[in-house]
Student: 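I have a structure I would like to understand better, so I am pasting it below and will then ask my questions one at a time.
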Amino acid sequence: MNNLDKRRFAASHGVSDEEYERVLEVLGREPSMTEIGVVSAMWSEHCSYKSSRVHLKKFPTTGPQVVQGPGENAGAVDIGGGLAAVFKMESHNHPSYIEPYQGAATGVGGILRDVFTMGARPIASLNSLRFGAIDHARTPYLFHGVVGGIAGYGNCVGVPTVGGEIYFDASYNGNILVNVFTVGVCKKDEIFLGVARGVGNPVFYVGAGTGRDGIHGATMASAQFSDQTEEKRPTVQVGDPFREKLLLEACLELMKTDVIVGIQDMGAAGLTSSSVEMADRGKLGIRIDADKIPVREENMSAYEMLLSESQERMLIVVERGKEDAIARIFDKWELEWAQIGEVIAEQRFEVYEKGELACDLPVSLLTSAAPQYDRPRKRPAYLDALKPAVIDAPDDLGQAFVELMASPNICSRASVYKQFDHMVGIGTVVRPGMGDAAVVRIPGTEQALAITVDCNSRFCYLDPREGAKLAVAECARNISCVGATPLGITDCLNFGDPTHPEVMWQFSEAVEGMSEACIAFDTPVVSGNVSLYNASFDKDIYPTPTVAMVGNFSRLLEGPGRAQGYCDASFKGEGDRVVLFGRTDTNDIGGSEYLWTRAAQLGQRPPRLDLELEKAVQRLVRDSIAQGLLLSAHDCADGGLGVTLAECCIGAEGHALGLNIEMDIDTIARADLFLFCESPSRIVVSVREADLSALVSQAEAAGVPSTVIGTVTALPRLVWPGVLDLPTGDLQHAHKHGLSRLDA
Amino acid sequence: MQRARVLIRNKPGVFDPQGKVVHSGLRRLGHESVQDVRVGKVIDLRFASGSPDELRARIERMCSEFLVNPVIEDYTIQFLDEE
Amino acid sequence: MQRARVLIRNKPGVFDPQGKVVHSGLRRLGHESVQDVRVGKVIDLRFASGSPDELRARIERMCSEFLVNPVIEDYTIQFLDEE
Amino acid sequence: MKVAVVVFPGSNCERDCEHVLENVIGASVVRAWHRDHELPKVDCVVLPGGFSYGDYLRAGAVSKISPIMKAVSEFAFSGGPVIGICNGFQVLLECGLLPGAMLRNRSLRFVCKDTFVRCATERTPFTSGLSLGEVLKLPIAHAEGNYYVDAEELRALQDNDQIVFQYTSGDGEANDGANPNGSIFNIAGVCNRAGNVLGMMPHPERAAEDVLGNSGGAALFASIIHTL
Ligand SMILES: Nc1ncnc2c1ncn2[C@@H]1O[C@H](COP(=O)(O)OP(=O)(O)O)[C@@H](O)[C@H]1O
Ligand SMILES: [Mg+2]
């Protein structure tokens with residue numbers, strides 16, 4: 001191949017002309033084709049974070065609780081008892097659009113490996129999904145494929161999927177989002193890192209054999225979808241959750257020995273990125289003999305082996321002289337393994353193919369010397385064209401309420417989470433649908449974690465900075481509603497095409513907003529993921545900086561009949577009093593589900609967030625739960641106070657109760673806006689009548705506005721005299737069947 | 001009456017984890033002579049009437065619309081004698 | 001080289017949940033002419049050598065030991081031309 | 001009491017069963033590995049849930065050819081109590097230790113939720129601590145739990161008192177609305193003729209502790225201790 005052809009070859013791999021010049025300059029020679037493949041993968045947006053790195057530096061990433069910050073396979077926070085929670089979120093957006101089942105399944109596989117590669121046994125997963133409009137032709141297919149893939153993979157591996165979120169919006173018609181999160185637990189001083197140390201130490205490949213699947217996956221995730229995507233389409237990666245389970249057990253078993261120097265899973269850009277990143281962290285090099293790599297297809301070239309994204313594989317640097325443990329354990333678990341190379345002193349990535357050096361690159365070329373861009377930013381013009389919301393009060397408030405409950409973004413997700421094994425591991429204390437965050441007991445302890453994921457991308461579209469803040473705030477509020485204390489976050493920054501200055505403006509704003517909120521809640525960012533080029537035919541998705549948060553309970557006390565010290569969302573019994581903490585501003589209607597479903601408007605701005613009030617409300621709720629004062633707690637989010645009250649009445653198990661609203665309607669100008677605006681920092685709680693005055697005075701002392709909403713009734717009706725009188729069953733029915741049109 | 005059969009398998013190159021497990025199961029039972037195993041789906045269809053040509057066109061539509069995932073699967077159509 | 005195919009289907013009379021779902025899916029897409037759908041498995045085996053008779057006996061053993069559950073499933077064996 | 005929990009590649013409820021047996025019931029637990037040819041000396045064998053061999057081919061099909069299943073069969077034939085939960089039930093069916101077979105759920109979907117099951121016989125070592133007709137709330141989590149036997153076999157199950165659990169409504173009625181997967185006669189669990197081998201789809205180990213809000217399932221494990 002001549003030099004011009006090489007340049008074209010590089011361009012076809014997404015390496016720009018300037019980038020290619022840079023390679024020539026650093027290398028001082030023309031790269032081989034194999035080397036071009038390696039460079040293109042490592043310099044892809046997906047692996048190099050070249051457009052986002054300058055912004056990500058702004059994140060707060062430290063704190064006394066941080067055990068491992070960004071940069072490793074996953075982050076870790078101290079959860080007490082000598083334990084760490086290890087967690088991360090990953091996107092698998094592009095593969096899932098092409099093949100929803102396998103795309104989502106392999107996304108789950110990848111995030112599980114990111115966590116257990118650190119030595120932590122995964123104890124729970126979440127997912128955050130965005131599909132196109134519910135009536136878009138492709139939505140049902142993508143939806144069922146993705147949900148099926150998450151179920152198929154996670155259930156088989158035996159990690160419970162305990163929560164998540166799903167939104168439908170036309171902005172995702174041509175580019176869905178599939179973000180998956182896993183948390184695991186290990187001793188905080190027994191974390192394994194992806195680092196190559198010790199010159200001469202052997203490098204082992206373990207797991208499944210390498211095939212031709214997913215070659216160029218990383219480059220594909222670094223470009224927009226277009227008509228040509230079809231041709232560039234790599235062989236789809238097919239997940240094998242069974243082998244993942246074996247790999248999980250084998251790795252954890254190996255970790256109990258003292259043979260591992262460093263370990264890392266092969267994710268995007270497979271063997272290349274795992275070896276290069278491990279070498280980079282250890283400031284050493286790695287030499288690989290491609291002919292030793294276990295393969296499952298014939299005649300594979302080094303180029304293909306290096307770029308394959310076959311699933312369920314790991315790379316392990318083992319202490320020399322202790323190699324036997326690999327054979328013993330990986331044979332036992334019926335997995336492939338091979339010593340494929342060694343750690344070398346020169347900081348180079350060397351790959352031999354049939355005795356010849358097919359790739360000989362400085363590690364730094366692939367890491368620190370990779371391009372970084374501070375791409376142009378511009379405030380999007382659409383922001384100035386936004387108009388304030390105009391919405392008339394409905395003739396029939398009850399009817400409007402029922403319709404809102406059936407909205408695809410609000411209705412019950414039971415049909416989804418029933419397909420996920422959310423109980424395996426016998427740790428799920430608060431199940432999906434029961435509370436704002438999932439509560440998972442840590443095996444062998446009385447400790448528990450609360451986890452949640454959130455992002456309202458309409459808010460982010462209206463104002464990326466405020467929207468990102470609101471996402472962090474809602475996560476923290478969800479964690480507080482179950483009684484836990486927020487500890488840290490991971491994120492998936494899903495944005496459009498970074499070559500659009502408007503997208504980079506959104507990105508930068510969102511990162512700054514998130515950072516501000518993370519500092520306020522003392523929840524550092526310990527890991528995360530960036531997914532750019534979420535655009536199709538030049539139309540960018542709504543900015544979607546998804547946040548997943550982990551909180552902890554020091555101890556779950558077993559009381560008579562059930563655990564105490566936490567809360568779920570449902571009302572418990574007749575006569576209990578219902579109190580709203582926080583402030584309702586009926587102008588907070590922009591971006592709301594009510595405005596969208598009734599008037600197809602976005603409005604002008606998202607709800608206003610007061611971080612100090614938010615913190616005070618959350619602290620109050622956490623403290624009252626710890627005191628055993630609260631019977632339930634549920635925040636007001638999508639659909640506002642009305643939907644929250646309805647959900648509290650419906651309850652997770654269908655023991656529908658009712659509510660008598662006792663507020664004076666004369667003080668409220670518009671009941672519909674009062675019920676359905678989406679002011680943040682609000683939590684609905686219920687208490688025994690006897691505890692009401694104590695609770696109200698605590699709120700007063702904490703400087704938190706509180707409103708007594710009314711009284712729980714055994715009669716399953718939501719009654720607000722003169723305003724509303726609805727059978728809970730009507731709301732419940734609408735809620736339950738909101739997604740059924742996807743099955744038609 | 002007409003009977004047709006659609007055979008669906010993963011495309012060459014697309015990983016078939018099930019085939020791999022079945023293969024190693026057969027080996028464990030001593031069937032060493034098996035060199036390769038692929039597992040796929042078979043869909044048998046019955047029609048009241050129709051000529052093979054006409055049915056083939058119809059079945060091809062069914063495959064592309066619904067029965068087959070063209071991203072990872074290949075298929076073949078066969079016609080069966082009435083039994 | 002020899003290639004053989006095992007087709008496995010639920011016995012007549014045993015409910016075939018997949019067939020039923022596929023059938024109603026096809027109907028919903030307007031393929032009303034389909035009268036019945038059965039979904040089964042196809043297992044393609046490759047052997048280095050062996051006469052059909054000998055292989056048939058071997059495959060029958062595989063089926064009864066492992067590949068087929070006789071409580072619910074029937075099977076047929078086919079030999080394929082080398083490709 | 002000493003219990004063996006059998007682990008196949010892909011089992012994923014073995015830890016859960018061990019936790020309940022050890023920490024809730026107070027039994028001692030040993031693991032048996034699928035490649036073992038012998039069982040340790042135990043009083044009871046548990047085949048836990050999961051996806052042994054990925055459920056490939058058929059759930060339980062690849063596990064049945066594991067060496068350990070010969071030892072489990074011998075243990076069962078000599079009258080030892082054996083319980084297979086979910087995937088463990090599927091393995092017992094494939095091995096022929098229990099009659100019948102599993103079909104895919106009629107929804108074709110995996111289903112994870114609480115169900116109610118009624119105890120239809122107290123004669124097994126696992127139900128001796130329950131009362132006849134008692135309704136338990138137990139979770140299920142499976143894609144292939146649609147139990148099938150032909151009409152003749154069903155009659156035999158009934159005549160020989162082999163139906164151990166049926167899916168019911170909360171007040172114990174075995175109607176179609178309470179049937180989560182299409183299983184024949186709402187069957188959730190069956191035993192062999194002798195009564196010492198039980199297979200069931202619901203997971204009692206997931207409902208054996210107050211902290212999870214449901215401890216009714218512990219009675220099954222406690223029954224074994226009392227029987228021995
Ligand atoms: N993709 C999903 N996977 C699993 N559980 C989900 C998923 N989406 C939503 N859920 C669960 O369904 C329930 C309702 O979701 P959502 O309406 O987003 O809750 P909230 O408004 O309280 O944040 C929650 O328990 C959530 O964890
Ligand atoms: Mg939410």
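Throughout, protein chains are lettered first and strands after them, A, B, ... in sequence-line order, and every chain is numbered starting at 1.
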Student: Under 3.5 Å, is there a donor-acceptor pair between the Q311(A) and R113(A) side chains?
Tutor: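 Distance-only check passes for Q311(A) and R113(A).
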Student: Kindly write out the residues that satisfy salt bridge (Lys or Arg N to Asp or Glu O under 4.0 Å) with D16(D), not counting sequence neighbours, or none if the list is empty.
Tutor: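 Here no residue qualifies.
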Student: Kindly assign one of parallel, tilted or perpendicular to the pair Y53(D) and F242(A), based on the angle between their ring planes and the thresholds 30° and 60°.
Tutor: tilted
Student: For the residue pair S107(D) / N105(D), report whether a side-chain donor-acceptor contact shorter than 3.5 Å exists.
Tutor: no
Student: Look at E209(D) together with R441(A) and state whether they make a salt bridge at an N to O cut-off of under 4.0 Å.
Tutor: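 Here E209(D) pairs with R441(A) in a salt bridge, since their nearest N and O are under 4.0 Å apart.
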Student: So which part of S11(D) gets closer than 4.5 Å to some heavy atom of chain A, the side chain, the backbone, both or neither?
Tutor: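 When you check distances to chain A, only backbone atoms of S11(D) fall under 4.5 Å.
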Student: Any luck finding a side-chain donor-acceptor pair between N179(D) and N186(D) under 3.5 Å?
Tutor: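 There is such a pair (donor and acceptor under 3.5 Å, judged by atom type) between the side chains of N179(D) and N186(D).
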Student: Would you mind telling me which of F51(D), Y56(D), W33(D) has the largest number of heavy-atom pairs within less than 4.5 Å of chain A?
Tutor: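 Among the listed options, the one with the most contacts to chain A is F51(D).
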Student: Please list, in residue-number order, every residue in residues 245-256 of chain A that has a heavy atom less than 4.5 Å from any heavy atom of chain D; write 'none' if there are none.
Tutor: K245(A), L246(A), E249(A)
Student: Using the side chain to side chain donor-acceptor pair (under 3.5 Å) definition, which of the options R296(A), Q237(A), Q102(A) pairs with D213(A)?
Tutor: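 Going through R296(A), Q237(A), Q102(A) one by one, the side chain to side chain donor-acceptor pair (under 3.5 Å) with D213(A) is satisfied by R296(A) alone.
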Student: Among D743(A), V159(A), V430(A), who wins on heavy-atom pairs under 4.5 Å with chain D?
Tutor: D743(A)
Student: Heavy-atom distance under 4.5 Å to chain A: side chain of R206(D), backbone, both or neither?
Tutor: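 For R206(D), the contact with chain A is made by backbone and side chain together.
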Student: With respect to chain A, which residue among H142(D), H203(D), R35(D), H19(D) yields the maximal number of heavy-atom pairs within a distance under 4.5 Å?
Tutor: R35(D)
Student: Show, in sequence, the C-alpha distance, side-chain angles and deciding distance for R121(A) and V185(A), and conclude whether the side chain to side chain contact (heavy atoms under 4.5 Å, CB included) test is met.
Tutor: CA-CA 6 Å; R121(A) 180 178 283 280; V185(A) 171; over 6 Å; no
